[in-house]
Amino acid sequence: MASLAPAVPSSKTNQQEDGKFIPSNENVLQKHVAFFDRNHDGIVYPWETFQGFRAIGCGIPLSTGAALFINMGLSSKTRPGKFPSLLFPIEIKNIHKSKHGSDSGVYDSEGRFVPAKFEEIFTKHACTQPNALTSDELMGMLKANREPKDYGGWVAAYSEWKILYILCKDKNGLLRKDTVKAVYDGSLFEHMEKEHESAKKKAAV
């Protein structure tokens, strides 16, 4: 006899609330990307990526370049079995399928956060300070993560980390551990957006 109890949505599946896409609780990579889904429909278009970068204080050239690079590079990977679209949409529910090689391994193949791999970034490469990376240490990590002849992965990893370093290094040129942790779970982008909004309001007074 079938149960009459209402089904409880799994934390591993995506849900909709008031028509808005909600990232899976266990897929931290989805939460990382969801910031750029400006209308919360589960799809990120290039103009939304552009808007997201502008929202955290990036200039027009960087925001434009990032939007083209990210969406053109990830769109087809997140839309398996579908005809390529010239709008280059990224489907967040499939973002784990776009994981590239030569990365840190902090996200696993399902987009989940791997604490041990995150800690390895600093235990292996943070020599100046235990909880921060210098520019040279960051480059050392990228070189150590390179897989043979994975040129696309090399470029993707370099671009991601270089942008993060430029945007988030402190006054001493250090990329802090808590900052890196925040970018992995997506909370850093929301924090940067609030800071940028606050700075614009102060400048307008």
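Keep in mind the model is a prediction, meaning the values are calculated, not measured. In what follows, every heavy atom counts, from backbone to side chain, and hydrogens, waters and symmetry copies are set aside.
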Review point. Is there a side-chain contact between Ser109 and His96, using heavy atoms and a 4.5 Å cut-off?
Key: no
Problem - Sub-4.5 Å side-chain heavy-atom contact between Ser76 and Pro84 - result: no
Discussion item. For Phe113 together with Phe118, are the ring centres under 6.0 Å from each other?
Written reply: yes
dist Asn131:CG -> Arg176:CZ (nearest 0.5 Å) comes out at 8.0 Å
The reported gap from OG1 in Thr78 to NZ in Lys93 (rounded to nearest 0.5 angstrom) is 10.0 Å
Rounded to the nearest 0.5 angstrom, the NZ-CD distance for Lys194 and Glu197 is 11.5 Å
So salt bridge (charged side-chain N to carboxylate O under 4.0 Å, His left out) across residues 145-156, not counting sequence neighbours, yields none
Query - Donor-acceptor contact present, side-chain Asp136 to main-chain Gly140, <3.5 Å - result: no
| request: Please report the C-alpha distance between Lys97 and Glu91 in whole Å, then the side-chain angles of each, then the deciding distance to 0.1 Å, and finally whether the salt bridge (Lys or Arg N to Asp or Glu O under 4.0 Å) criterion is met. | output: CA-CA 10 Å; Lys97 296 181 183 295; Glu91 295 189 8; over 6 Å; no
*asked:* Does either side chain, that of Asp185 or that of Ser187, offer a donor lying less than 3.5 Å from an acceptor on the other one?
replied: yes
### Task
Kindly say whether the aromatic ring centers of Phe50 and Trp47 come within a distance under 6.0 Å.
no
Hydrogens and angles aside, do Asn145 and Ser102 bring a side-chain donor and acceptor to less than 3.5 Å of each other? no
Separation between CD1 (Ile70) and OG (Ser159), nearest 0.5 Å, reads 9.0 Å
- Message: Does the Lys NZ or Arg CZ of Arg38 fall within the cation-pi geometry relative to Phe35 - under 6.0 Å from the ring centre and within 45° of the axis?
- Response: yes
Check your understanding: Are Gln30 and Ile95 close enough that some pair of their side-chain heavy atoms sits under 4.5 Å apart?
Key -> yes
So Tyr107 and Lys117, do their side chains get closer than 4.5 Å, heavy atoms only? no
Going by heavy atoms in the side chains, are His100 and Glu160 under 4.5 Å from each other?
-> yes
Distance-only polar pair, side chains of Ser104 and Tyr184, donor-acceptor under 3.5 Å
yes
When rounded to the nearest 0.5 Å, the distance separating OG1 of Thr134 from CE of Met139 is 11.0 Å
Side chain to side chain, Phe189 and Val183, heavy atoms closer than 4.5 Å: yes
- Pairwise side-chain contact, Ile43 with Ile92, heavy-atom cut-off 4.5 Å (strictly under): no
Does any non-hydrogen side-chain atom of Val106 lie less than 4.5 Å from one of Val114?
no
So CG of Leu133 and OH of Tyr165: to nearest 0.5 Å the spacing works out to 9.5 Å
Glu137 side chain to Cys127 backbone, donor-acceptor under 3.5 Å: yes
